[in-house]
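Counting starts at 1 for both ligands and their atoms, following the listed order.
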Amino acid sequence: MERLDRVLIVGAGFAGYRAARLLTRAARREAAVTLLNPTDYFLYLPLLPQVAAGILEPRRVTVSLSGTLPRARLVLGEADGVDLDGRTVSYTDPEGGRGTLAYDRLVLAVGSVNKLLPVPGVAEYAHGFRGMPEALYLRDHVTRQIELAAAAPDADACRARCTFVVVGGGYTGTEVAAQGVLLTDALVRKRPLRHGVRPRWILLDIAPRLLPELDEHLSRTAHRVLRERGVEVRTETSVKEATADGVLLDDGRFVGTRTLVWCVGVRPDPLVAALGRPLERGRLLVDPYLTVPGHPEVFACGDAAAVPDLERPGEYTPMTAQHAWRQGRTAGINVAASLGRGERRAYRHKDLGFTVDLGGAQAAAYPLGVPLSGPLAGAVTRGYHLAALPGNRVRVAADWLLDAVLPRQAVQLGLVRSWSVPLDTASPELARTPDTPAKAPPPDPSSESPDGGST
Ligand SMILES: Cc1cc2nc3c(=O)[nH]c(=O)nc-3n(C[C@H](O)[C@H](O)[C@H](O)COP(=O)(O)OP(=O)(O)OC[C@H]3O[C@@H](n4cnc5c(N)ncnc54)[C@H](O)[C@@H]3O)c2cc1C
């Protein structure tokens with residue numbers, strides 16, 4: 001019997017998941033698909049702020065890889081080396097074991113990691129927001145701060161525990177702050193704080209407006225909704241230093257807080273830089289067919305790839321879920337074409353617009369160029385997420401319904417400890433453990449801020 005070509009997909013996020021889904025259906029006679037990913041699920045990141053806010057149960061935003069891609073072989077692990085000449089990928093499994101996978105075609109879809117800036121104290125005292133552990137940690141941490149504030153001996157301690165600083169006004173930071181204030185309002189409704197203190201949320205960005213990389217309508221709507229909820233939006237402001245007791249802003253003011261959420265954007269996963277191939281601001285340069293120049297057997301897509309934007313010559317497609325999802329499909333089609341099934345095609349896209357979920361019934365949306373706000377935008381945004389989720393739709397809709405009619409469940413689960421969610425997840429040597437403090441990371445000149453957050 002003829003051997004099937006080995007297609008190895010590294011990363012099962014938006015791009016990798018979609019490529020695997022296409023290939024296991026359209027090229028099942030040509031390709032044996034292996035998926036290498038650290039977790040056994042695809043994570044629908046845009047709904048993560050709702051997990052942190054206690055609206056969605058964590059598993060709702062995950063989709064089982066083996067359950068939904070039964071024809072793909074799942075290998076749990078993290079790639080740490082690619083031998084382009086030998087056509088192998090080495091990896092470490094979740095228990096520290098080492099392995100190597102050989103391929104005939106390789107799809108690199110490893111996404112991005114938190115972006116760090118060399119601001120003193122940030123690596124030690126800030127938390128990122130990039131995956132499930134961070135969302136669960138933040139939910140517990142915020143709940144705990146409110147509970148500790150209620151028992152705080154004096155007004156200053158109470159005020160510091162009830163102050164939450166989010167850095168980065170891109171869609172991640174904006175949604176975290178918008179959802180966070182609703183969560184803390186719900187928490188203090190149940191157990192009002194002494195000393196007349198109210199939770200205070202501050203959202204900072206160095207840019208002159210929120211959502212600086214998105215349409216101005218989205219920015220204005222988000223700003224208005226946040227202001228109405230009492231969130232202090234400080235544009236053209238940055239963090240100079242973070243300490244255990246608070247943050248020093250670049251305007252000289254010190255804000256007492258125990259919570260610093262770092263959402264200044266992401267940078268491409270460093271695995272692609274290690275390939276030694278041309279990069280564009282840290283992303284692996286590919287041609288419009290998503291192949292790596294000089295290596296027609298290697299494809300890259302999603303946040304980790306710099307894909308020429310054929311709609312805007314001279315530019316590259318931004319790091320969004322919409323692009324990653326569609327590029328995954330194109331990568332799948334082109335891998336299949338390289339194996340003799342179908343025709344390859346260049347990646348082209350029509351912008352479908354953007355939605356920013358602001359919690360409650362509020363959202364800012366710009367679908368197909370139509371500016372929407374208020375409950376209509378909220379309905380469009382939730383409808384979009386339901387349509388885009390590759391699984392769990394009924395469960396997500398059920399959670400939304402329950403949240404609309406029942407009070408939010410506010411208890412800590414204590415499953416994720418602070419030291420297990422270091423800000424720099426891409427550099428294990430920088431990670432904190434209970435015994436060793438984190439080291440400050442080096443500056444990262446190639447980093448960018450694709451979700452619009454900046455500092
Ligand atoms: C909180 C949050 C909210 C967001 N909201 C929106 C939104 O509303 N709209 C929008 O368009 N975009 C949003 N984004 C951005 C969007 O999620 C990304 O652009 C998209 O996920 C990129 O898809 P990807 O497939 O390239 O990477 P990812 O979806 O991040 O997937 C990468 C996969 O590769 C795996 N991986 C990483 N390194 C390795 C390795 N070495 N070996 C093996 N596997 C590896 C990861 O575990 C992951 O499964 C959001 C991002 C975040 C963090």
| request: Could you see which bit of Ala109 sits under 4.0 Å from ligand 1, with heavy atoms only: side chain, backbone, both or neither? | output: backbone
| query | What do you reckon, does Cys263 put a non-hydrogen atom under 4.0 Å from ligand 1? | reply | no
| message | Just to verify, what does Arg87 make a salt bridge (charged side-chain N to carboxylate O under 4.0 Å, His left out) with, not counting sequence neighbours? | response | Glu297
| query | Using a heavy-atom cut-off of under 4.0 Å, does the side chain or the backbone of Phe354 touch ligand 1, or both, or neither? | reply | side chain
| task | With heavy atoms only and a cut-off of under 4.0 Å, state how Asp303 meets ligand 1: side chain, backbone, both or neither. | result | both
| task | Report the part of Ala15 in contact with ligand 1, treating N, CA, C, O as backbone and CB onward as side chain, heavy atoms under 4.0 Å; options are side chain, backbone, both, neither. | result | both
| note | Checking heavy atoms under 4.0 Å, the part of Glu78 that sits near ligand 1 is both
| Of all the atoms in ligand 1, which lie at a distance below 4.0 Å from a heavy atom belonging to Gln322? | 11 (O)
| field | Within reach of ligand 1, part of Tyr171 (heavy-atom separation under 4.0 Å) | value | side chain
| query | Within the side chain of Arg283, is there an N or O that forms a donor-acceptor pair under 3.5 Å with the backbone of Ala305? | reply | yes
| query | Is there a donor-acceptor pair under 3.5 Å between the side chain of Trp262 and the backbone N or O of Gly168? | reply | no
| Run the ring pair (Phe, Tyr, Trp, His ring centres under 6.0 Å) check on Phe42 and Phe14 step by step: do they pass? | CA-CA 8 Å; Phe42 157 80; Phe14 280 86; 5.0 Å; yes
| query | If you draw the axis of the six-membered ring of Trp400, does the NZ or CZ of Arg382 fall within 45° of it and under 6.0 Å from the ring centre? | reply | yes
| task | Check whether any side-chain heavy atom of Phe299 sits under 4.5 Å from a side-chain heavy atom of Thr330, and report yes or no. | result | no
| request: For ligand 1, indicate whether the residue Leu45 contacts it via side chain, backbone, both or neither (heavy-atom separation under 4.0 Å). | output: both
